[in-house]
Amino acid sequence: MPKLDSSVKNVVNETIAPLGISQIRFFAQKFAKIPGIIKLTLGEPDFNVPEHVKEAAIKSIEDNDSHYSEQRGTMGLRNAVSSYLKKQYDVDYDPETEVIVTIGATEAVFVSLAAIINPGDKIIVPTPTFALYLPIIKVLGGIPIQVDTTPDNFCLTGKKLAEVIEREGEDNVKALILNFPGNPTGHVYSQEQLEEIVDVVKDKPMYVLSDEIYAELTYGRKHVSLAKLLPGKTILINGLSKSHAMTGYRIGYVAAPADFVVNAGKMHAYTVTAPSNPAQYAAQEALENGIEDPVEMRKIYQERRDYIVAQLNDIGYKTLLPEGAFYTFSEIPEKFGLNDVDFATKLAEEGKVGVTPGSAFGKGGENHFRMSYASSMEDIQEAMKRLRAFTDKLEN
């Protein structure tokens with residue numbers, strides 16, 4: 001194994017060097033080493049990819065479809081994305097000029113922010129939220145402005161947004177990031193709540209990056225896309241990872257106005273060249289013939305949600321009922337005298353249940369913990385038994 005030459009030890013990107021790894025991954029990997037632990041850490045669906053979707057990927061391989069696709073994705077998949085978005089959310093995107101197929105929603109977020117941010121630009125990020133946004137903004141030279149939404153039940157209100165923009169200066173704020181249904185909170189913005197936000201930003205020189213990767217996983221209400229209400233300023237992010245349990249296929253997409261897509265497409269091309277063909281054909285099949293695939297998954301997730309939320313509140317962890325995604329986000333009682341990292345570590349080591357500390361999701365996440373119910377009911381039930389026993393010991 002080669003040792004790093006001392007002459008290059010300090011030759012590093014000074015923006016990236018101070019960044020730690022994702023805290024979500026850090027704790028998941030750390031706790032996974034504990035024998036017998038039940039892992040409710042990662043948002044990894046426990047369902048298999050639908051058979052007809054797998055068959056499409058296999059057929060692509062058998063047909064020797066092994067050459068580069070168009071850099072923005074195959075036209076077949078881009079057409080499927082456009083048709084899907086129109087059918088499900090009544091939004092219109094030209095597949096030729098307004099859609100980019102990416103390596104998961106992660107790349108979609110990166111290339112979209114790269115197309116916006118100049119050094120010193122400010123990006124508003126309501127928190128707690130998916131931890132990916134903050135380091136990407138920093139790597140690109142931007143300044144994340146975290147807004148704690150905890151006092152408003154994890155909802156960014158129009159009033160609060162207006163106050164933040166005025167404080168930071170609207171010429172300095174280049175975008176707002178919305179993540180809904182929310183990770184880690186499960187919050188789903190209603191049309192009325194979105195309209196409040198639209199009223200604030202519609203006349204401002206800024207975009208809204210709307211990460212709607214969990215759009216197919218809402219409970220008791222239909223997802224409303226921000227792109228329906230603010231098409232000219234919305235950068236819509238979505239993908240197949242959550243809706244069709246295709247996390248390993250790594251297919252996401254950006255849908256946005258054509259002028260924006262030109263620059264985002266450049267960064268996409270420089271970064272990845274083009275997505276994988278078998279994965280693209282699988283995604284096309286999922287969108288064209290698998291719109292009903294998430295329905296049964298959603299029913300099972302809702303059963304798990306209802307059980308785990310009832311249990312958490314009964315044990316003594318205040319938990320709002322998530323309206324979407326597959327996470328719970330619970331308060332840690334002050335009487336325990338533990339911050340969220342210490343609580344999660346103690347629960348993993350002594351209670352044998354793996355959860356994610358809330359501080360991994362930015363300001364407002366402190367003194368909370370996230371549980372993923374993208375796991376079997378059997379595991380969830382056992383985890384609740386262990387959590388109850390662990391809590392009893394803390395209280396006695």
Side-chain angles (χ1 to χ4, degrees), residues 20-31 34 37-43 124-135 144-157 160 164 177 179-188 305 308-373 380 383-384 386-396:
I21 68 168
S22 162
Q23 290 298 288
I24 300 172
R25 290 282 177 174
F26 172 80
F27 285 105
Q29 293 167 9
K30 177 181 177 180
F31 297 158
I34 298 173
I37 196 167
I38 294 177
K39 295 176 287 186
L40 303 182
T41 46
L42 296 180
I124 296 174
V125 186
T127 59
T129 193
F130 186 42
L132 176 77
Y133 310 129
L134 304 178
I145 306 299
Q146 297 190 52
V147 181
D148 182 2
T149 63
T150 307
D152 296 300
N153 291 330
F154 309 123
C155 175
L156 177 67
T157 64
K160 185 66 174 178
V164 174
I177 296 179
N179 165 234
F180 72 104
N183 175 8
T185 66
H187 177 71
V188 177
R305 178 203 68 164
I308 196 172
V309 170
Q311 287 290 309
L312 285 164
N313 281 304
D314 185 63
I315 297 169
Y317 299 96
K318 182 181 176 183
T319 306
L320 295 177
L321 186 69
E323 298 170 303
F326 41 58
Y327 307 104
T328 57
F329 202 61
S330 306
E331 285 187 31
I332 300 166
E334 288 186 22
K335 62 184 178 182
F336 293 160
L338 297 169
N339 65 34
D340 54 286
V341 171
D342 291 341
F343 174 85
T345 302
K346 193 175 182 69
L347 175 58
E349 292 175 348
E350 299 180 13
K352 297 294 190 286
V353 178
V355 302
T356 306
S359 54
F361 304 97
K363 293 179 180 178
E366 299 92 342
N367 300 318
H368 290 73
F369 63 94
R370 187 191 78 172
M371 283 185 163
S372 168
Y373 49 90
I380 290 171
M384 291 301 100
R386 295 182 184 185
L387 178 62
R388 188 179 294 274
F390 171 79
T391 305
D392 287 343
K393 288 182 180 179
L394 286 180
E395 292 179 331
N396 296 323

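Note that the structure is a prediction, hence the values are computed from the model and not measured.
Atom CG of Leu347 and atom CG of Asp342 lie 12.5 Å apart (nearest 0.5 Å). Between atom CG of residue Leu132 and atom CZ of residue Phe361 there is a gap of 12.0 Å, rounded to the nearest 0.5 Å. Atom CG of Leu321 and atom CD1 of Ile308 lie 12.0 Å apart (nearest 0.5 Å). The structure places CG of Leu394 at 7.5 Å from CD of Glu350, a figure rounded to the nearest 0.5 Å. One distance of note links CG of Leu156 with CD1 of Ile177; it measures 12.0 Å at 0.5 Å rounding. How far CG of Asn153 is from CG of Leu320: 5.0 Å, rounded to the nearest 0.5 Å.
Contact between Pro135 and Ala131 at its shortest, heavy atoms only, is CD-O, 2.9 Å. Pairing each heavy atom of Gly358 with each of Asp340, the nearest pair is N-OD2, 3.4 Å. Smallest separation of non-hydrogen atoms from Arg386 and Ile38: NH1-CG1, 3.6 Å. The two residues Asp148 and Gly364 make their nearest non-hydrogen contact at OD1-CA, 3.3 Å. In terms of heavy-atom proximity, Glu323 sits nearest to Arg305 at CA-NH1, 4.3 Å. Of all heavy-atom pairs spanning Leu40 and Ala383, the tightest one is CD1-CB, 3.7 Å.
In this view, Arg370 and Asn183 satisfy the side chain to side chain donor-acceptor pair (under 3.5 Å) rule, not counting sequence neighbours. With sequence neighbours excluded, the residues forming a salt bridge (charged side-chain N to carboxylate O under 4.0 Å, His left out) with Lys335 are Glu395, listed by chain and number.
Shown here is Lys352, whose NZ atom has more than 12 heavy atoms of other residues, nucleotides or ligands within 6.0 Å.
Side-chain contact between Val353 and Phe31 is absent, with no heavy atoms from C-beta onward closer than 4.5 Å. In this structure the side chain of Phe369 reaches within 4.5 angstrom of the side chain of Leu312, judged on heavy atoms. Annotation: side chain of Thr129 is not in contact with side chain of Thr149 (no heavy-atom distance under 4.5 Å). The shortest distance between side-chain heavy atoms of Ile380 and Met371 does not fall below 4.5 Å. Using a 4.5 Å heavy-atom cutoff, the side chains of Thr185 and His368 are not in contact. Asn339 places none of its side-chain heavy atoms less than 4.5 Å from the side chain of Glu366.
Panel note: side chain Gln146, backbone Lys363; a donor-acceptor pair is recorded below 3.5 Å. Asn396 places a side-chain N or O within 3.5 Å of a backbone atom of Asp392 that can act as its donor or acceptor partner.
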task = Go through the steps to decide whether Tyr317 and Phe343 satisfy the test ring pair (Phe, Tyr, Trp, His ring centres under 6.0 Å), and finish with yes or no.
result = CA-CA 12 Å; Tyr317 299 96; Phe343 174 85; 5.8 Å; yes

Mind listing the side-chain donor-acceptor pairs of residues 324-334 below 3.5 Å, one per line with the distance, residues two or more places apart or on another chain?
{"unit_1": "Tyr327", "atom_1": "OH", "unit_2": "Tyr214", "atom_2": "OH", "d": "2.6"}
{"unit_1": "Ser330", "atom_1": "OG", "unit_2": "Thr319", "atom_2": "OG1", "d": "2.6"}

